[in-house]
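Numbered from 1 within each chain, the chains take letters A, B, ... in sequence-line order.
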There are 2 protein chains.
Amino acid sequence: MDRREKADRRSRRSRRLIVDALLGLMLEQRFERITVQEIIDRADVGRSTFYAQFRNKEDVLESEFAWVLGLLHEQHLTGAQYPAAHLLPSLGLFRHVQEHRPLYAAQLRGLAVDSHTQGVHRALRDRAARELALAADTAELTVPLDVVAEYLAGALLSLIQWWLDHGMPHTPEQMEAIFQQLVMPGVRAVLPEQRR
Amino acid sequence: MDRREKADRRSRRSRRLIVDALLGLMLEQRFERITVQEIIDRADVGRSTFYAQFRNKEDVLESEFAWVLGLLHEQHLTGAQYPAAHLLPSLGLFRHVQEHRPLYAAQLRGLAVDSHTQGVHRALRDRAARELALAADTAELTVPLDVVAEYLAGALLSLIQWWLDHGMPHTPEQMEAIFQQLVMPGVRAVLPEQRR
DNA sequence: GTTGATGGTGAACATTCTGTTCGGTACAGA
DNA sequence: TCTGTACCGAACAGAATGTTCACCATCAAC
């Protein structure tokens, strides 16, 4: 699964070159327009090397994303190292995006396989749904629980989108403050007064 | 520009067949995987007919979207036929999406050219930014104006996404109520008390 | 109805991109 | 030093795109 540690030094080098080439290209043009030929030209590897390492160009991005999302899960989405009232590990997510900025920026600019963004979206939405179910009696919600979960995930991602789009002018902590001010009041409004 | 009114009856027929075929296919598989051959097979038109009417398969969707977005603009985004405090014509948008459900549903399921969703997103965001600038003194905002605009557009779209995803179980009016409860409190929280 | 114009048809074609194969070379790691 | 593995590059088959063309169908106007 993770070919980062083991494997031949040459393999790692090739994979790195290819991933970097693709991320670079994605800052210039949209993903679908990029051809395998362009990738291997920029990476300066042979065609057969490319296909020895990846199934296709989608696979390049997917494997990179799988790795980064794995980190996200184990570092920020497991356990409950954040205040329960927050419902989502928003601060952790802002920090995570900042840490892996090149990948996320390329993803955004290249308008790439939307399925990745959607993967994050789903993960956040489900996480929020679970937290909400714990935080409030479902029957007491004035709005369906899964709408609230969708809203939370969507609003958080739209802040992240804005942040990336504008060259990340704020710190994760400032973004977290904005998130708390802007997004959370709506959630508290539909929860019956309870758990602060 | 708009080939719906003028043009030969046969042209209109062909275009309609092709658009419907594509929308149908998009309910089954993602846009990128769909080939022109599949479209013309399902539409039952000749290959050359397809290319006589459209530049490529993106063009099919684009022309349809351009038309529907044109309607959206003239019916819901111009003037200010909605309460100024709402900042966005959310109810109008919910109604509009319901009215053109097949297109929006296909767009969503097919994970199609994200640029269309982004087009709507941009339009909403800019609209919100303009309204915000009128509704509040920029200097008095505790959060940058364009973040709020982005948030509004993103949150509204995420509600629409949920709505489409779940087969539109609510009326536009119910969705509007949810939007008001869930999304607007955050906006009021960052506006200095003013204009109710 | 005849007629002239416009659109539709299917087959053929060049082109582009994809993904695979293979013999030979270079390098990593033990 | 030696063995396995990755890289290389060229060649290739297959798929999909978009174009062209000669022929046929349909329109609407006379």
For a quick test of reading the model: is some side-chain N or O of A:Gln53 closer than 4.0 Å to OP1 or OP2 of D:dC7? yes
Protein-nucleotide distance (A:Glu58, atom CD; C:dC17, atom P), rounded to Å: 15 Å
Along nucleotides 23-28 of chain C, 5' to 3', which nucleotides get a B, which get an S, and which get a -, given that the test is a protein heavy-atom distance under 4.0 Å? ---BBS
Reckon A:Ser11 touches a base, only the sugar-phosphate, or nothing at all at heavy-atom distances under 4.0 Å? sugar-phosphate
Just how far, in rounded Å, is C1' of C:dT16 from CG of A:Asp41? 15 Å
Give a yes or no on whether a donor-acceptor pair under 3.5 Å exists between the nucleobase atoms of C:dG8, that is its base, and the side chain of B:Ser48. no
Holding to side-chain contact (heavy atoms from CB on, under 4.5 Å), I want the full list of residues that pass it with B:His121, two or more places apart in sequence or in another chain. B:Glu150, B:Ala153, B:Leu157
According to a hydrophobic-cluster definition based on side-chain heavy atoms being under 4.5 Å apart (Ile, Leu, Val, Met, Phe, Trp, Tyr only), do B:Val190 and B:Leu88 belong together? yes
Whole-Å distance between C:dT20 P and A:Phe54 CZ? 15 Å
Sequence neighbours excluded, the answer for salt bridge (charged side-chain N to carboxylate O under 4.0 Å, His left out) partners of A:Glu173 is A:Arg95
Close side-chain approach of A:Val19 to A:Phe54, heavy-atom, < 4.5 Å: yes
Among A:Trp163, A:Phe179, A:Phe94, A:Trp162, whose ring-ring contact (aromatic ring centres under 6.0 Å, His included) with A:His170 holds? A:Trp162
Under 4.0 Å between a Lys/Arg side-chain N and an Asp/Glu carboxylate O for A:Glu64 and A:Arg16? yes
Looking only at atom types and distance, does a side-chain atom of B:Lys57 sit under 3.5 Å from a main-chain N or O of B:Leu22, one as donor and one as acceptor? no
Any chance the rings of A:Tyr104 and A:His96 have centres within less than 6.0 Å? yes
B:Asp126: what forms a salt bridge (charged side-chain N to carboxylate O under 4.0 Å, His left out) with it, not counting sequence neighbours? none
Between the protein and nucleotides 12-17 of chain D, are there any N/O to N/O pairs under 3.5 Å, and if so, what are the atom names and distances?
residue	atom	partner	partner atom	Å
D:dT17	OP1	B:Val36	N	3.4
D:dT17	OP2	B:Val36	N	3.3

Calculate the interatomic distance between B:Phe50 atom CZ and C:dG7 atom C1'; express it in whole Å. 16 Å
What is the distance, to the nearest angstrom, from the CZ atom on A:Arg16 to the C1' atom on D:dC7? 19 Å
Between A:Leu61 and A:Phe31, does the side-chain contact (heavy atoms from CB on, under 4.5 Å) criterion hold? Intermediate values first, please. CA-CA 10 Å; A:Leu61 220 49; A:Phe31 184 75; 3.8 Å; yes
For a side-chain contact (heavy atoms from CB on, under 4.5 Å) check, start with the C-alpha distance between A:Glu131 and A:Leu152, then their side-chain angles and the critical distance, and finish with the verdict. CA-CA 11 Å; A:Glu131 293 293 333; A:Leu152 263 172; over 6 Å; no
Taking CD1 from A:Ile39 and C1' from C:dG19, how many angstroms apart are they, rounded to a whole number? 13 Å
Atom CG of A:Asp44 to atom C1' of D:dG9: distance rounded to whole Å? 13 Å
Nearest-nucleotide 5' precedence on DNA chain D, B:Arg55 against A:Thr49: A:Thr49
Assigning hydrophobic clusters by single linkage (Ile, Leu, Val, Met, Phe, Trp, Tyr; side-chain heavy-atom cutoff under 4.5 Å), is B:Val183 placed with B:Leu191? yes
Measure the angle between the two terminal helix axes of the helix from C:dG1-D:dC30 to C:dA30-D:dT1, five base pairs each, and quote it to 10°. 40°
Atom pair distance, as rounded to whole Å: CZ in B:Arg13 and C1' in C:dG8: 10 Å
